[in-house]
Amino acid sequence: GSEKVLTAETYENSVLKREVDKNTQPLAAISVVLPIALFVIMLFFLYLFIGQIIRRNKSEIGILRALGFEVKEIAQLYSAFMLPITLIGNILGMIFGWLLLTAINDVYQEMLLLPYCSSSFNILILLLVFVLTVLVGQAAVYANIGSISGTKPAEAMRGNRGSVSKVPAL
């Protein structure tokens, strides 16, 4: 006689899984590209924000220079001031990003009837984000202090009245 072989279909080899995988591939690409793009935009705004703070404090920098502080010492002062700001911003950004990501994942899972998948994160990526943010913050401090360092202390003490400030080269 003829024997029939029964096969069991599991989710892993089902048509449903193939369809879900096909439909979620664009989401996977977006979940990589969008955070990277937002991070680069955030780094740009961080650079501009720190530069603006330093340019607004031009008169204070002039006073410090008139009191005999060297540009290097002033840069170290602002660098120490910006370090906790960038670190706190990193921590808050990661917390809010994680909460937003969880909410978006829940919406997509419900909307597309996706199976549950656990979220994970890569500690190396988190360290890279911390390092890049701190480096950009510190670069902004030194670039903007450097742009003011050529100004005479008496001129810097007048502040920004009547002068046009330029954004230093990125």
Side-chain angles (χ1 to χ4, degrees), residues 11-58 60-61 71-72 74-151 159-160 163-170:
Y11 176 74
E12 290 301 318
N13 61 7
S14 69
V15 174
L16 175 63
K17 180 172 181 347
R18 285 192 295 275
E19 285 298 313
V20 167
D21 288 347
K22 184 176 80 174
N23 290 333
T24 57
Q25 282 177 345
L27 296 176
I30 289 171
S31 71
V32 172
V33 172
L34 186 63
I36 290 172
L38 292 174
F39 181 66
V40 169
I41 292 168
M42 184 275 310
L43 288 177
F44 178 73
F45 280 114
L46 174 69
Y47 185 90
L48 293 178
F49 175 71
I50 291 174
Q52 186 65 25
I53 289 173
I54 290 173
R55 282 190 300 283
R56 285 183 182 242
N57 290 329
K58 187 176 181 180
E60 288 83 357
I61 293 170
V71 174
K72 182 180 175 184
I74 298 169
Q76 289 172 345
L77 173 72
Y78 277 89
S79 178
F81 170 69
M82 293 301 166
L83 187 60
I85 290 173
T86 55
L87 291 176
I88 291 169
N90 263 325
I91 292 168
L92 291 175
M94 286 182 189
I95 289 170
F96 289 125
W98 185 264
L99 293 173
L100 183 63
L101 176 68
T102 302
I104 289 173
N105 279 343
D106 290 346
V107 167
Y108 276 125
Q109 282 180 334
E110 191 174 309
M111 186 172 66
L112 299 174
L113 301 173
L114 299 174
Y116 174 78
C117 69
S118 62
S119 299
S120 64
F121 61 92
N122 186 336
I123 192 72
L124 293 175
I125 299 287
L126 295 178
L127 289 174
L128 180 65
V129 165
F130 266 93
V131 168
L132 284 175
T133 305
V134 169
L135 286 177
V136 167
Q138 298 303 306
V141 167
Y142 284 96
N144 285 285
I145 292 288
S147 71
I148 295 173
S149 68
T151 308
N160 292 325
S163 67
V164 177
S165 64
K166 64 176 186 169
V167 176
L170 298 174

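Numbers here are sequence positions counted from 1.
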Inset, instruction - Report the C-alpha distance between Y78 and I61 in whole Å, list the side-chain angles of each, state the deciding distance to 0.1 Å, and finish with yes or no for side chain to side chain contact (heavy atoms under 4.5 Å, CB included). - result: CA-CA 10 Å; Y78 277 89; I61 293 170; 3.8 Å; yes
Restricting to non-hydrogen atoms, name the atom on [X] and the atom on [Y] that form the minimum distance, rounded to 0.1 Å.
X	Y	answer
Y47	A143	OH-CB, 3.4 Å
I54	A140	CD1-O, 4.2 Å
I91	F130	CG1-CZ, 3.9 Å
L43	V136	O-CG1, 3.6 Å
M82	I50	SD-CG1, 3.8 Å

From [X] [atom1] over to [Y] [atom2], what is the distance, rounded to the nearest 0.5 angstrom?
X	Y	atom1	atom2	value
I145	N57	CD1	CG	8.5 Å
D106	T102	CG	OG1	6.5 Å
L46	I41	CG	CD1	13.5 Å
L132	M42	CG	CE	8.5 Å

Inset, instruction - Check I85, L92, T86 against I88 for a side chain to side chain contact (heavy atoms under 4.5 Å, CB included) and give me the one that passes. - result: L92
Inset, instruction - Report the residue from V131, L126, V129 that forms a side chain to side chain contact (heavy atoms under 4.5 Å, CB included) with N90. - result: V129
Inset, instruction - Check whether any side-chain heavy atom of Q76 lies under 4.5 Å from a side-chain heavy atom of Y142, and answer yes or no. - result: yes
Legend entry - Whether over 12 other heavy atoms sit under 6.0 Å from F49 CZ: no
